[in-house]
Structures are given as structure tokens and as C-alpha cells.
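Contents: one structure, followed by commentary.
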Amino acid sequence: MALTEEDLKQLPEEGIDPENSGKYQTLIEDLQGNILKGHGRDYSVHLFLQWKPEHINEAKQWLKTFTQTYVKSAKKQSDEAVRYRQEGLSGGVFGNVFLSRKGYEVLGFEPFQIPFDQPFRMGMKSNDIRSSLADPEVKDWEKGYQNDLHALILVADDDIIDLLQMVNQISQELRLVAEIVHREDGFILRNKAGQIIEHFGFVDGVSQPLFIKRDIVKAQTNDGNFSQWDSRAGLDIILVKDPNGQTEDSYGSYLVYRKLEQNVKGFREDQRNLAQRLNIKDDLAGALVVGRFYDGTPVTKSDIPTYAVTPTNNFNYDEDIAATKCPFHAHIRKTNPRGDTGRVESSPGFDESLTIEKNHRIARRAISYGENDPTKEPETGSGLLFLCFQADIENQFNFIQTRWANADRFVKVGVGLDPLIGQGQSAIDPEWPTKWGESETQEYHFKLWVTMKGGEYFFAPSISSLTNL
Ligand code: HEM
């Protein structure tokens, strides 16, 4: 029997156990990996393709072979992770296939066979989307992204030499059927402690919605049993039925892809200026911008870094409702308010219950690009290849970017934009606490050091739809 809406919404207490998945078995065998849990490889190459209309049948054949060879299901990804833990055997190259609305059209799909999400159908270049996200004009995007992008092929591995050889081989095979109009090479950046960081130097990838039993049990055991923040999520926030799936439980997910350039030198100077203005230490100033210290310690919990090996994600803002410890505009408070938006009295229409607020969550799968020496401070050419999965682009990525990050009014009036990713016009300079936990504030305009260089909305089709093209 096919899964019901309730099965998707309400996972078992401990999430999905891929080794004993019960009614979710077909789903995880037909769902591409990297969606419910990141693939975890250190290097990845992203190839953006345009199909050659005169070779569509060959393109379909290529997609089928590529999927059979490299695309791992959620189930296989998990089996390989078990083998890796038990026997140290690496899963090798990992592949994903993502298609844009144009990609589906050129492959000959009828409108009713194309995934329905509205922004996905419009495309990231459409004027309506661009103006609502306050993105730069397409003519100012990096050249490769100005093309129509039909497909994104992701290949990842821990061994960079193997990966690059594989990419060469794939590029050769693709010659007949597609043009590679753009390519990105991503890698995981780490700090001295071995933690994953982004280019500004902050530990990244900490807070994620959790779906899989192993992740849930680990978080419960090591991080306070979800007493302050329950990271579990139903599959309905990340999966939708694939209209072309060949099983009754064939699902896919929408992928938002954005290249976000980071000016590290500019950011650090601004961080030092903010610290001077508030008369606080540089690292606390950085934490007020991000909401966590470099090491991942949430600033709502502490005014100094705690150097935990695994930063906590079991916290909320209940003891900081006046935002004297973590400003409302701090990046993580704006992108996951953990109940703040349900507290609102002053913003009719903006208040939501925690249950509704949690439906805006996204599964982030970003990776860095550019300079790989974390001691350097690049101004251009480095940043984040931002990827996130969701079931409803308008209500998830777009909502977070437009209604929270880009909005001056968030939880209350006059909060200001997210200083990391907020785009567009702001009428105010945000207020920052001069003494952690006390009400005194100073205004400071932190500039935007992240620039959107291009992107697209994609769909991750089920495996059976790709092998039956
Ligand atoms: C969390 C950096 C872009 C959404 C974080 C964290 C860092 C960070 C350091 C804290 C660690 C963690 O919880 O994983 C950045 C940088 C970006 C960027 C440097 C751009 C270059 C974005 C974008 C979005 C986003 C575009 C979505 C619109 C989130 C969310 C969290 C987060 C949802 C988790 C918040 C929480 O649950 O506490 N980001 N981010 N980020 N970011 Fe970003």
C-alpha cells in the first residue's frame, strides 16, 4: 500500500531506520541519496548541462546509464555508510541528477509530467522571482549561469584524483548529448580542529532537520534529548511525489542552488569595526552577526566560545526574548527563529505557531569553492555553493530569504536585514547589544559581504523515473 500523507508527516519517534525501514522501504530505495542526509564526501564537482535537442534519445540513454552507475539511493547511501563504519570501506564516487523545468521540457516531458512547484516552473532568472528575492540582474551573474541550465550533475568523492578522472570521463561521454555550459568545483573547508567551516571561518552545517534514526539517536544522546529544540522533521517538509516515478512510493525533492561569493577580507574588517563600535571582542562581534561563535557556540547561550567538539543545537531563544544576547537579525536567528515568530504581538500577520514556523525549514547541503587555504582572506573568487532541499520552494527557501533575511521587520519592527545574506533595501541600521545580556545597544550598519553570482531551481527525480526515460 502506498504511503499516506500522515506517513510522511509523522515519522516514527526515532525517524527512518534504513536497515529496518518497514513501510518506507520502497521510498528510500527509489529516492536519490544526499536528500535525507548529506553525502559527506570532501570534494564535489557540479556540471551544468544544456541538452542538445537533436540528440534527446541519446541524452535519455546517458541519464539512464549515469543513474545506474553513480546515483545512489538513500538506502544504498546508508548501507555504504554502515560498511564504512564497520569495515572502513569507502562508498566511492557519489552521483546526483537534478533537472530544471527547462531541462524537463527539452527532454520532451508534457506539462503535466513536470513537477508542479511554482518557483521551480518560473525559474530563478524570471523577473518576478529575481525581484522578490532582491537578486542581482541576470546580466550581472557569472557568465555560465546566464545560460539556460537544463540539468545539474553532481559527482562527489573523498579522493580528488579519482574524482577528477571520473569527471573527465563523464565530460567525454557527454559530448554527444549535452554541452557543459558551466562547472563548479567544491570542497569541504575545515578549521584546525577538523570541523567543517565556511569561508568567514564559522563552523557550518550544524543545525539540520533530522529524518534518519542514526542522526536522531545521536542528537538525543549527545545533545540533551531535544529538551530545548527538537530537530526531527517529517518527510513532508522535504519530499514530494515524483510525477514520473515508477513505484507507488517514488519521491523527489526540490533543490535550490545558488553560488554565493564571500568577501572574507571585507567581512573581517567590518567585524573588527563592529567590535570597536560596541567596545567588545572581535569574536563576540562575529557571533552577534552569525548567532554562533567561530566554534559554533550559540551566542544566546554564552558570551564566550566553549570549544565543544560538537556544537550544541539544543537551544531556543526563550531566555532571550528581548534579544539582548543574540540579536533578532543574527543569521541563525533570522533563518530559524526557533519559536520567535509565534511570540509576536506587534506584527499581525507575521506570527505563526511553532509547528507552522518549523515547516519553513530546509535541508542545507552547501560546499565551499575557491581558495582552500583558510588562513587567506580572499575578496573575490571564493564562497559557498549553497544547495538546499525542500518540498515547497515558496514556503521554504524563498520564504526564509524574502520574509525573514531580506525584511527589516522580523518578529518586530525595525530589526533590519540578516547581515550575512540579507539582500535589497533597508531603511534602518540595526541595533547591537553593547553588553551581552543587557539592554543597552548601538546602531551599526554591517555591510553585505555575500554576493549572489547565479543559480537555478532544480528537481531531484526519483531513481525509477531516471532509469525509465
Ligand atoms: C546556519 C553561514 C547562506 C540558512 C548557518 C551557520 C553559519 C552559516 C556559520 C551556523 C552553523 C549551522 O547551524 O549550520 C552561512 C554563510 C552563507 C549562508 C556564510 C552564505 C555565504 C545561507 C542561506 C540560507 C541559510 C542563503 C537560506 C536562505 C541557514 C539556516 C541555518 C544556517 C537555516 C541554520 C539555523 C539554525 O537552525 O539555527 N549559516 N549561511 N544560510 N543558515 Fe546559513
Side-chain angles (χ1 to χ4, degrees), residues 38 124 132-135 186 189 191 195-210 219 223 228-233 237 255-264 266-268 271 286-301 308 310-317 326 330-340 357-370 374 378 382-390 393-407 410 417-423 448-453 455:
M124 209 176 271
S132 87
L133 297 175
D135 278 346
L189 202 59
N191 62 17
Q195 295 162 306
I196 299 173
I197 54 171
E198 49 67 46
H199 279 286
F200 295 143
F202 294 82
V203 170
D204 201 3
V206 181
S207 176
Q208 297 280 12
L210 304 179
D223 199 15
Q228 308 288 309
W229 178 249
D230 189 342
S231 313
R232 286 173 293 192
I237 73 156
L255 170 73
V256 171
Y257 187 101
R258 287 160 79 77
K259 180 171 190 177
L260 301 174
E261 185 178 68
Q262 295 176 256
N263 179 339
V264 181
F267 178 91
R268 298 246 170 94
Q271 181 183 350
L288 296 177
V289 170
V290 173
R292 290 185 187 260
F293 283 87
Y294 280 122
D295 73 334
T297 306
V299 72
T300 194
K301 303 281 277 186
T310 314
T312 183
N313 197 35
N314 186 22
F315 68 94
N316 58 41
Y317 301 104
C326 179
H331 177 59
I332 67 159
R333 194 157 184 175
K334 274 224 157 183
T335 54
N336 184 10
R338 300 180 188 236
D340 274 348
E357 188 196 276
K358 283 181 117 178
N359 288 336
H360 300 304
R361 287 178 296 167
I362 49 177
R364 291 171 299 135
R365 303 287 179 252
I367 190 156
S368 293
Y369 73 92
S382 292
L384 206 60
L385 304 172
F386 177 85
L387 286 80
C388 71
F389 289 108
Q390 60 244 277
I393 297 173
E394 194 56 44
N395 192 47
Q396 293 173 268
F397 171 78
N398 284 14
F399 188 98
I400 296 176
Q401 184 74 53
T402 60
R403 300 282 295 272
W404 289 346
N406 293 359
F410 166 78
L417 309 194
D418 176 331
L420 264 197
I421 61 159
Q423 302 189 136
L448 178 61
W449 301 104
V450 169
T451 312
M452 193 273 190
K453 307 295 280 184

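Numbers here are sequence positions counted from 1. We count ligands from 1, going down the list as the structure has it; atoms in each ligand are counted the same way. Here the structure is a predicted model, which is why all the values come from computation and not from measurement.
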### Query
Should Phe200 and Val450 be marked as a side chain to side chain contact (heavy atoms under 4.5 Å, CB included) after you check the CA-CA gap, both sets of side-chain angles, and the distance that decides it?
CA-CA 10 Å; Phe200 295 143; Val450 169; 3.9 Å; yes

### Query
Quick one: do the Asn313 and Arg292 side chains pair a donor with an acceptor below 3.5 Å?
yes

### Query
Would Tyr369 and Glu261 satisfy side chain to side chain contact (heavy atoms under 4.5 Å, CB included), going step by step from the backbone distance to the final call?
CA-CA 9 Å; Tyr369 73 92; Glu261 185 178 68; 3.4 Å; yes

#### Entry: Per-ligand residue contacts, ligand 1, heavy-atom threshold under 4.0 Å
Glu198, Phe202, Val203, Asp204, Gly205, Val206, Ser207, Leu260, Gln262, Val290, Arg292, His331, Ile332, Thr335, Asn336, Arg338, Ile362, Arg364, Leu384, Phe386, Phe397, Ile400, Gln401, Leu420, Ile421, Val450

### Query
Is the closest side-chain donor-acceptor distance between Thr312 and Asn314 under 3.5 Å?
no

### Message
If you compare all heavy atoms of Leu384 against all heavy atoms of Gln262, which two are closest, and at what distance to 0.1 Å?
### Response
N-OE1, 3.5 Å

### Message
Distance to the ring centre below 6.0 angstrom and angle to the axis at most 45 degrees; does that hold for Arg365 and Phe389?
### Response
no

